[in-house]
Student: 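If you scroll down you'll find the structure; I have some questions about it.
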Amino acid sequence: MRNINRRSMLLRAMAMGALSTLPACDYENPADPDLADKFLHAMSTWNDRVQEALFNPHTLAPTFRADQITMPPRFNAFYDISQVLVVDPATFRLELGGQIQDKSPWSLAALNALPQAAQITRLTCVEGWRVIGEWAGVPLGYFLRRIGADTSCRYVSFICADGYYTSIDMPSALHPQTILALKFLGQPLTPPFGAPVRLRIPTKLGFKNPKSIVQMAVTNIYPGGYWEDQGYNWFSGS
Amino acid sequence: MADKKPKRRVIHPWPLRLTHWLNALAIVMMIGSGWQIYDASPLFGFTFPRLITIGQWLGAAIAWHLAFMWLLVANGLVYFIWSAASGHFGKFFPLTPRALWRDLSAALTFRMTHEAGVYNAVQKLLYLGVLFAGVVIVISGLAIWKPVQLWFFCDLCGGYVIARYVHFFAMAAIAGFLAVHVLLVAIVPKVLPPMITGGRIGP
């Protein structure tokens with residue numbers, strides 16, 4: 001794990017470096033916000049509140065027919081597909097933290113033994129493009145109750161094998177279409193698409209669907225996210 | 001009883017001027033940031049040069065766009081409510097094809113006369129058209145922003161993919177209006193000060 005983390009930190013540093021070379025951009029240095037950044041941050045927080053109010057736990061994301069699935073599927077990450085990390089499924093453990101009663105790590109086999117749900121839904125990228133895919137896995141709401149998570153907490157956070165991290169609000173985590181996906185297009189997830197387990201949440205934008213999750217926590221402390229900390233809206237609901 | 005002196009009338013009442021200039025700010029910010037957002041996933045075979053976009057990368061552009069959408073919508077609602085309540089909308093009517101033909105041919109042959117405080121038929125059509133584009137751009141924008149929660153707006157636009165095109169063409173219509181609007185002010189510059197001070201016309 002140490003090697004993976006060191007490499008992922010390097011990747012992150014490279015991505016941040018690429019951004020900080022942009023001339024005179026807003027949010028160029030989140031650690032040193034100027035007046036415009038403070039205004040935009042205040043408006044983004046307001047937009048989080050509006051989206052929380054707008055979120056209806058019973059409104060389902062549209063589902064599609066099998067023949068509408070986007071082929072071939074589209075890879076997307078903050079690095080090139082050649083740099084995708086391969087997590088060994090045999091030694092993989094999903095580690096749990098925060099306000100959870102049973103924090104025992106989960107193996108892939110144990111996750112596969114839980115009740116599964118499948119969906120053909122649209123993944124919409126913050127950039128504007130969208131793909132339709134089929135995902136299957138454990139409903140997150142079921143999993144959270146199974147492990148004794150305190151569902152009155154505000155956030156569920158995720159840390160990925162490649163150093164990516166993000167977090168979602170509890171009502172969205174409990175939405176029936178939010179799943180810990182283990183399969184994509186009828187087969188176990190492959191490394192570019194988030195093996196061994198990823199979050200699939202069709203009520204949020206693509207970057208809120210972390211891949212290759214190695215840690216999940218339930219917390220009341222705002223966990224932020226890889227893109228969110230650089231200026232993307234945190235809630236980013238669809 | 002003393003004789004009442006006939007009052008000079010304001011060409012552009014203050015609510016109109018205020019909403020006009022707030023809208024100008026909102027439109028510039030929304031189009032500028034919208035072009036940068038478009039560039040992240042272009043619908044057509046071109047992108048907008050970064051020199052004329054607002055927000056130097058996607059995250060900043062979206063932040064500007066989703067901040068100023070509140071000004072655009074809130075200011076737009078104030079304008080519509082004030083226009084309906086004050087009778088301002090009455091200035092757009094009547095609008096007959098005959099008057100439109102007459103004023104359009106006059107405009108195209110540079111024989112148009114400007115009468116302060118009165119909209120000619122071409123102005124009426126352009127203003128009604130850009131108000132319609134404004135409604136379309138807000139509905140299609142909400143459809144793109146919240147295709148799941150505001151699914152009815154998304155359905156109204158023909159789905160998420162088509163909604164992006166609707167949003168783009170509504171922007172193009174507003175940008176086209178803006179070009180004509182600014183060009184006409186450049187040709188008839190005396191119309192600009194009343195939009196700032198209100199202007200006065202005799203009884």
Side-chain angles (χ1 to χ4, degrees), chain A residues 18-28 30 36-37 39-48 50-64 76 121-122 124-130 132 172 175 177 201-205 207 227-233 235-238, chain B residues 26 29-30 32-44 47 50-51 53-74 140-155 157-168 171:
Chain A
L19 276 173
S20 62
T21 57
L22 294 173
C25 71
D26 312 292
Y27 283 142
E28 64 174 352
D37 291 348
F39 166 73
L40 294 177
H41 185 73
M43 288 306 292
S44 194
T45 305
W46 158 252
N47 278 326
D48 284 341
V50 171
Q51 292 175 91
E52 273 163 0
L54 208 57
F55 180 79
N56 180 339
H58 306 294
T59 301
L60 296 180
T63 54
F64 299 85
N76 191 64
T121 48
R122 178 176 61 204
T124 309
C125 182
V126 67
E127 293 174 340
W129 52 269
R130 65 96 178 89
I132 293 167
S172 295
H175 187 272
Q177 287 174 310
I201 178 163
T203 52
K204 286 190 188 291
L205 292 177
F207 76 93
W227 286 114
E228 294 88 331
D229 293 350
Q230 296 173 53
Y232 280 173
N233 173 256
F235 194 94
S236 282
S238 283
Chain B
M29 295 303 293
M30 291 304 276
S33 57
W35 285 352
Q36 177 71 32
I37 296 168
Y38 165 96
D39 284 356
S41 182
L43 294 170
F44 305 101
T47 56
R50 187 159 288 177
L51 199 66
T53 64
I54 290 168
Q56 290 295 304
W57 69 291
L58 179 62
I62 292 175
W64 283 114
H65 208 70
L66 299 188
F68 273 86
M69 70 177 181
W70 292 102
L71 177 64
L72 181 79
V73 170
S140 58
L142 289 171
I144 297 166
W145 187 46
K146 293 284 158 276
V148 175
Q149 300 301 335
L150 304 180
W151 55 271
F152 35 89
F153 286 140
C154 204
D155 282 4
C157 294
Y160 177 80
V161 175
I162 297 172
R164 284 193 69 206
Y165 286 90
V166 173
H167 201 58
F168 180 91
M171 178 280 295

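If you're wondering where the values come from, they're calculated on a predicted model, not measured in any experiment. A note on names: the letters A, B, ... follow the listed sequences, proteins ahead of strands, and every chain is numbered from 1.
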Student: Take B/Met69 and A/Asn47 through the side chain to side chain contact (heavy atoms under 4.5 Å, CB included) test and state the conclusion after the steps.
Tutor: CA-CA 11 Å; B/Met69 70 177 181; A/Asn47 278 326; 3.7 Å; yes
Student: In Å and rounded to the nearest 0.5 Å, what is the OG to CH2 distance from A/Ser44 to B/Trp64?
Tutor: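 With rounding to 0.5 Å, OG (A/Ser44) is 12.5 Å from CH2 (B/Trp64).
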Student: Go through the atoms of B/Ile37 and report whether side chain, backbone, both or neither lie under 4.5 Å from a heavy atom of chain A.
Tutor: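 Just the backbone, heavy atoms under 4.5 Å.
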Student: What are the two closest non-hydrogen atoms of B/Val148 and A/Thr59, and how far apart are they?
Tutor: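 Minimum heavy-atom contact is O-CG2, 3.5 Å.
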Student: For B/Ala63, is there any backbone N or O sitting under 3.5 Å from a side-chain donor or acceptor partner on A/Asn233?
Tutor: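 No; zero donor-acceptor contacts below 3.5 Å.
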Student: Test your reading of the model: is there a side-chain donor-acceptor pair from A/Gln230 to the backbone of B/Gly59, 3.5 Å cut-off?
Tutor: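 Here the side-chain-to-backbone pair does not exist.
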Student: Against chain A, work out which of B/Asp39, B/Ile62, B/Leu66 has the most heavy-atom pairs shorter than 4.5 Å and name it.
Tutor: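 Option with the greatest count: B/Leu66.
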Student: Mind listing the closest non-hydrogen atom pair of B/Lys146 and A/Gln51 along with its distance?
Tutor: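 That would be NZ-OE1, 2.9 Å.
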Student: Is it the backbone or the side chain of A/Val50 that comes under 4.5 Å from a heavy atom of chain B, or both, or neither?
Tutor: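 When you check distances to chain B, only side chain atoms of A/Val50 fall under 4.5 Å.
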Student: Between B/Phe68 and chain A, which part of the residue has a heavy atom less than 4.5 Å away: side chain, backbone, both or neither?
Tutor: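 Contact with chain A is through the side chain of B/Phe68 alone.
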Student: Of the non-hydrogen atoms in A/Gly128 and B/Ser41, which two are nearest, and what is the gap between them?
Tutor: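 Looking at all heavy atoms of both residues, the shortest contact is C-OG, 4.2 Å.
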Student: For A/Leu40 and B/Ala67, which heavy atoms make the closest approach, and how far apart are they?
Tutor: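 The pair with the smallest heavy-atom distance is CD2-CB, 4.3 Å.
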Student: If you round to the nearest 0.5 Å, how far is OG of A/Ser238 from CD1 of B/Ile144?
Tutor: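 Here the rounded value is 12.0 Å.
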Student: Does any heavy atom of chain B fall under 4.5 Å from the side chain of A/Phe39, the backbone, both, or neither of them?
Tutor: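 The side chain, not the backbone.
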Student: Based on non-hydrogen pairs under 4.5 Å, which of A/Met43, A/Glu127, A/Arg122 is most in contact with chain B?
Tutor: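 It is A/Glu127.
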Student: Could you tell me which non-hydrogen atom of A/Leu54 sits nearest to which non-hydrogen atom of B/Gln149, and how far apart they are?
Tutor: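 Between these two residues, the closest heavy atoms are O-OE1, 3.5 Å.
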Student: A/Leu60 versus chain B, heavy atoms under 4.5 Å apart: side chain, backbone, both or neither?
Tutor: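 Just its backbone gets close to chain B.
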Student: Kindly say whether the aromatic ring centers of A/Trp129 and B/Tyr160 come within a distance under 6.0 Å.
Tutor: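 No, they do not, as the ring centres are separated by 6.0 Å or more.
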